[in-house]
Amino acid sequence: MSGVRAALRDTLGYYAPWLAALPFVLVVIGGALLVGLLAGKIEFVGLAVAGVVLVSALIIILGYRFWWWSLAFLLFGYLLGSRGFAGIGVSPFYIGEGVLAIGILTLALAPFTRGIRVYYRRLFRIEILLLAVFLAIQVWQTIPYVGAYQVNAIRDAMTYAYSLFMLLILLLIPKSRVEWFFRAFGKVIPYALVWYPIIVFVSRQKVFNFVLPLMDQPPLYTKSSDIAVHVAGMGAFLLLQLAGQNQQWTRPGHWLVWALWTINAILTSAVGRAALLCNAAMVAIVAGLLPTKTRLDRLLLILGALGCLLILTGGYSTIKIPLGHRTLSIEQLVANVTSIVGQGDNSEGGVEGTKQWRLNWWAKIIDYTYHGPYFWGGKGYGINLSLSDGFAVTNTDALRSPHNGHMTILARSGVPGFFAWLLFLISAAIRLAREGYVRRNTRPGEAKVAAWLLAYLAAFMIMTAFDVFLEGPPGGPWFWALFGMAFVYFSKDDDAPRPAPTTPTRRGRRAISRRSSEPGWAGADGI
């Protein structure tokens, strides 16, 4: 009984601050509802005011943790729910913009809240300086067009505005939270690999083709490009053995997860060329930065490298096995998978027709920027590039930008903005590659994390070159959040160590035990 009483006392002691704050929370909620009722005649203003008051109170009570858990929920929601989850909200204010607004409010309330520490020193790095130059050029090319294009200008500006996720993570989130997110990502991988084929099939076959209240997409809706980057990131995570060692998977379980990953890689690659290149780049980066030592890893890397070679050279088209009246080939496999999940790139219009349409559009953008009147400033944010450039598929406003985020930046901000973008990406890639190479012998655990993040972000960059990806969720927030977490993970200004209690509580003993079984994420050498 004494042990039970001690455990109960420890538990109540841990939750005492929360219980003490409960009356204040109830008062704030009541005040927010009262404000909402008083301002209810002004359409949504009352609801907005009530929401700001309530969120501000939660931030003051919980500190940065309220935004962090909101961000984690958002990212894992994008990871599993894709476009259906991203459509929660009322246009043009969706769940992603809501979480971003909470982060901005958290930073604004930091001077008035003891539970929020702002890590200003993390901003003093060359990558952030280059990003600041890039953002300054983009904002300069947005403000003059807001009056003419209004919401469309803001909508197009999300191409770079989601970078606020990265800056907020840099300023507000301690390294321990980033380590937790990486562990949670590894634990989610098996469930995501089981779920992705289901949501792709349901989305392609339009099984649940209805829209719920406060959603502008069906609840189960995705595109292969949205999950292809995550499949590549999960492949790097598995190849580097980040998941297996943390979760102590058995060998049959390890092979089962790899089988699920292979199914997802084939599924996404069958309906999109970019997924092939994402996986090829992932294998190349992992093999280049961290050559592995076990036989299994050598076999996987050899097979992956062979696949990369066949993909990049087109040599897979020569691999054909006659089977009586039929021929087994990769083309036949792609056609079969595509016929199951729906129309892909091989459907009407054809691969070559789509590719030529894109190349012609990109060539025109290069012509009127590098060799034309839009060298310095581009066409700005707000104008419909498909109509302006003469490549509109319809007369509607559905297609606004070329299927290439890099070309979008070039067309809208000119050559200076495009080069600022490239310099930021190159500097960040060099930083991660250096961390992976320098630490490979002294701190191999951290080197593996660097290789994983670089491979993951490379998949994002490749997909950006083939699709309208960074301009909206679920691509933009994930891309910028990964950058922010990468910079935080390799920052030197970690939290100041806290003295350990002489008698750890039950909750503390569980935390110590859990961390001791997960080397690497807390700064040890192995992962």
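Checked against Y456 for a ring pair (Phe, Tyr, Trp, His ring centres under 6.0 Å), the options F479, F483, F185 give a single hit: F185. Considering W67, W68, F85 in turn, F85 is the only one that fulfils the ring pair (Phe, Tyr, Trp, His ring centres under 6.0 Å) rule with F73.
When all heavy atoms of S82 and T222 are compared, the pair lying nearest together is OG-OG1, 2.6 Å. Closest approach of P190 to G186, counting heavy atoms only: CD-O, 3.8 Å. Residues A459 and V229 share a closest heavy-atom pair of O-CG1, 3.5 Å.
A side-chain donor-acceptor contact under 3.5 Å links E471 to the backbone of F469. Remark: the backbone N or O of L422 is not paired with any side-chain donor or acceptor of H406 at under 3.5 angstrom. Of the possible polar contacts, one joining the R122 side chain to the L170 backbone as a donor-acceptor pair under 3.5 Å is found. At distances below 3.5 Å, at least one donor-acceptor pair connects side-chain atoms of S427 with backbone N or O atoms of L423. One N or O on the side chain of R358 and one on the backbone of F466 form a donor-acceptor pair closer than 3.5 Å.
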Next item on the list: Could you please spell out the steps behind the side-chain contact (heavy atoms from CB on, under 4.5 Å) verdict for M282 and F237?
Entry: CA-CA 10 Å; M282 176 269 292; F237 202 92; over 6 Å; no

Next item on the list: Verify side-chain contact (heavy atoms from CB on, under 4.5 Å) between T159 and Q138, making sure each step is shown before the conclusion.
Entry: CA-CA 9 Å; T159 304; Q138 307 310 304; over 6 Å; no

Next item on the list: Would you sort out whether M461 and L470 count as a side-chain contact (heavy atoms from CB on, under 4.5 Å), showing the intermediate values?
Entry: CA-CA 9 Å; M461 285 293 89; L470 292 187; 4.0 Å; yes

Note to self: Apply side-chain contact (heavy atoms from CB on, under 4.5 Å) to residues L242 and F182 and explain how you reach the verdict.
What the structure shows: CA-CA 9 Å; L242 296 178; F182 292 168; over 6 Å; no

Margin query: Assess the residue pair S203 and R83 against the criterion (side chain to side chain donor-acceptor pair (under 3.5 Å)); give the C-alpha distance rounded to whole Å, side-chain angles, the decisive distance to 0.1 Å, and a yes or no.
Written below: CA-CA 10 Å; S203 185; R83 291 180 178 253; over 6 Å; no

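The CD1 atom of I365 lies 8.5 Å from the OG atom of S401; values are rounded to the nearest 0.5 Å. From W261, atom CH2 reaches atom CG of L256 across 15.0 Å, with rounding to the nearest 0.5 Å. For the atom pair CD1 of I227 and CE of M463, the computed distance is 9.5 Å after rounding to the nearest 0.5 Å. If you take OG1 on T369 and CZ on R412, they are separated by 13.5 Å, rounding to the nearest 0.5 Å. A distance of 14.0 Å separates CH2 of W452 from CG of L239, quoted to the nearest 0.5 Å. Atom CG of residue L453 and atom CZ of residue F490 lie 6.5 Å apart, to the nearest 0.5 angstrom.
Classified by interplanar angle (parallel below 30°, tilted 30° to 60°, perpendicular above 60°), the ring pair Y370/F419 is perpendicular.
Looking only at side-chain heavy atoms (C-beta outward), D389 and W361 come within less than 4.5 Å of each other. Side-chain contact between I366 and M407 is present, with heavy atoms from C-beta onward closer than 4.5 Å. W480 has its side chain within reach of L131: a pair of non-hydrogen atoms, C-beta onward, lies under 4.5 Å apart. Two residues are said to be in side-chain contact when any heavy atoms from C-beta on lie closer than 4.5 Å; W421 and I137 fail this criterion. L71 places a side-chain heavy atom less than 4.5 Å from the side chain of I169. No side-chain heavy atom of L260 sits under 4.5 Å from any side-chain heavy atom of M234. Side-chain atoms of L100 and L168, non-hydrogen and from C-beta on, do get closer than 4.5 Å to each other. Looking at I409 and F134, their side chains come closer than 4.5 Å, going by heavy atoms from C-beta outward.
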Side chains of residues 191-202: which donor-acceptor partners sit under 3.5 Å, not counting sequence neighbours?
unit_1 : atom_1 : unit_2 : atom_2 : d
W195   : NE1    : L80    : O      : 2.8
Y196   : OH     : L79    : O      : 2.7

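Other residues, nucleotides and ligands contribute more than 12 heavy atoms inside 6.0 Å of the CZ atom of F76.
Ring to ring, W478 and Y78 are not that close: their centroids are 6.0 angstrom or more apart.
Partners of T142 under the side chain to side chain contact (heavy atoms under 4.5 Å, CB included) rule, at least two apart in sequence or in another chain, are V146, A157, Y160, Y381. When the side chain to side chain donor-acceptor pair (under 3.5 Å) test is applied to K223, the partners found at least two apart in sequence or on another chain are D467.
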